[in-house]
Amino acid sequence: MKRQVLLQEFFERSAVVVARDLVGKFLVRKIRGKEIALMITETEAYEGENDLASHASRGRTARNAPMWDEARHFYVYLVYGVHEMLNVVTGKHNYPAAVLVRGVEGCTGPGRVTRALNVTRTLNGKRAVPESGLWFEDRGVRIAPRRIKRTPRVGVAYAGDWASKPYRFVLLDEKSNRGGVTASRRSRRSTVQ
DNA sequence: ACGATGATGAAC
DNA sequence: TTCATCATCGTA
């Protein structure tokens with residue numbers, strides 16, 4: 001099988017383009033010698049300081065500082081005191097933009113993705129390279145554009161005009177036309193150790 | 001429909 | 001230092 005680690009140049013583009021292109025790519029996690037690779041099925045783009053849905057819109061703070069890093073760095077934070085959110089930084093250095101990984105195969109929802117792959121804030125600010133234990137790969141899966149649905153982002157109703165921008169990308173299920181990856185088979189309690 | 005659960009950022 | 005809010009999820 002062809003395995004190509006996604007390099008910095010892949011992420012050095014606009015967040016919207018990277019978000020779209022990440023659908024069908026693989027998120028790979030290595031813990032204690034074991035590797036698990038899951039295809040990405042859902043993403044969202046957060047594009048620049050003008051994007052009112054982005055943490056970057058309030059300016060640079062201790063939490064969101066990784067968004068200003070070079071592309072391919074991770075931005076991981078906690079929401080609702082419960083869920084770790086996994087983002088990859090995109091675009092030029094010092095331009096705050098990132099893509100949120102919202103779903104992988106068998107796992108819908110950003111909090112479930114991080115729980116399934118044991119991703120926490122210890123990865124915040126690290127690079128998406130094999131040495132860090134979490135990275136992205138192209139494994140040769142080709143996704144027809146028709147299979148990717150664009151919608152507004154989730155949970156950002158406060159963001160004014162930016163709330164309705166179609167910055168969310170969802171891989172449609174092969175057999176169903178409505179609503180992304182099958183809702184029926186969500187694995188509950190998957191973990192990697 | 002709602003509570004969990006804790007960090008963050010802005011106000012006081 | 002206090003307080004409202006939060007890029008969500010599981011149970012009801």
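Side-chain atoms are counted along with the backbone in the values below, which use heavy atoms only and exclude waters and symmetry mates. Residue numbering restarts at 1 for every chain, and letters A, B, ... go by the order of the sequence lines.
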Rounded to the nearest 0.5 Å, what's the gap from CD1 on Ile40(A) to CZ on Phe136(A)? Could you check?
-> 5.0 Å
Taking only the side-chain nitrogens and oxygens of Arg168(A), find out if one of them lies under 4.0 Å from OP1 or OP2 of dA7(C).
-> no
Which part of the nucleic acid, if any, lies within contact of Arg63(A), taking any heavy atom under 4.0 Å across all strands shown: a base, the sugar-phosphate backbone alone, or nothing?
-> sugar-phosphate
Rounded off to whole Å, could you give me the NE2-to-P distance for the His55(A) and dT5(C) pair?
-> 15 Å
Taking side chain as C-beta onward, heavy atoms only, is Val28(A) less than 4.5 Å from Glu137(A)?
-> yes
Tell me: CD of Glu44(A) to P of dT8(C), nearest whole Å?
-> 7 Å
Run the salt-bridge test on Asp173(A) and Lys149(A) with the 4.0 Å N-O cut-off and return the result as yes or no.
-> no
For atom CZ of Arg102(A) and atom P of dC9(C), their distance in whole Å | 7 Å
Ion pair Arg3(A)/Glu35(A), N-O distance below 4.0 Å = yes
By the Watson-Crick or G-U definition, both distances under 3.5 Å, dA7(C) is matched with none
Strand contacts (DNA chain C) in residues 76-86 of chain A, 4.0 angstrom heavy-atom criterion = Tyr77(A), Tyr80(A), His83(A), Met85(A)
Checking ring-ring contact (aromatic ring centres under 6.0 Å, His included) for the pair Phe11(A)/His73(A): CA distance, chi angles, key distance, verdict?
-> CA-CA 9 Å; Phe11(A) 298 95; His73(A) 282 252; over 10 Å; no
Relative to Phe26(A), does Arg139(A) satisfy both conditions: NZ or CZ under 6.0 angstrom from the six-membered ring centre, and within 45 degrees of the ring's axis?
-> yes
Between CG of Asp51(A) and P of dA7(C) the distance, given in whole Å, is 11 Å
Give the rounded distance in Å between these two atoms: OH of Tyr158(A) and P of dT8(B).
-> 16 Å
Send over the distance from Arg121(A) CZ to dT5(B) C1', rounded to a whole Å.
-> 11 Å
Starting at CZ of Arg112(A) and ending at P of dA7(C), how long is that distance when rounded to a whole Å?
-> 18 Å
Name the pairing partner of dT5(B), where a pair is Watson-Crick or G-U wobble with both distances under 3.5 Å, or state none.
-> none
Whole-Å distance between dA10(B) P and Arg60(A) CZ?
-> 15 Å
Given side chain to side chain donor-acceptor pair (under 3.5 Å), test Thr151(A) with Arg168(A) step by step and report yes or no.
-> CA-CA 5 Å; Thr151(A) 80; Arg168(A) 174 172 173 245; 3.0 Å; yes
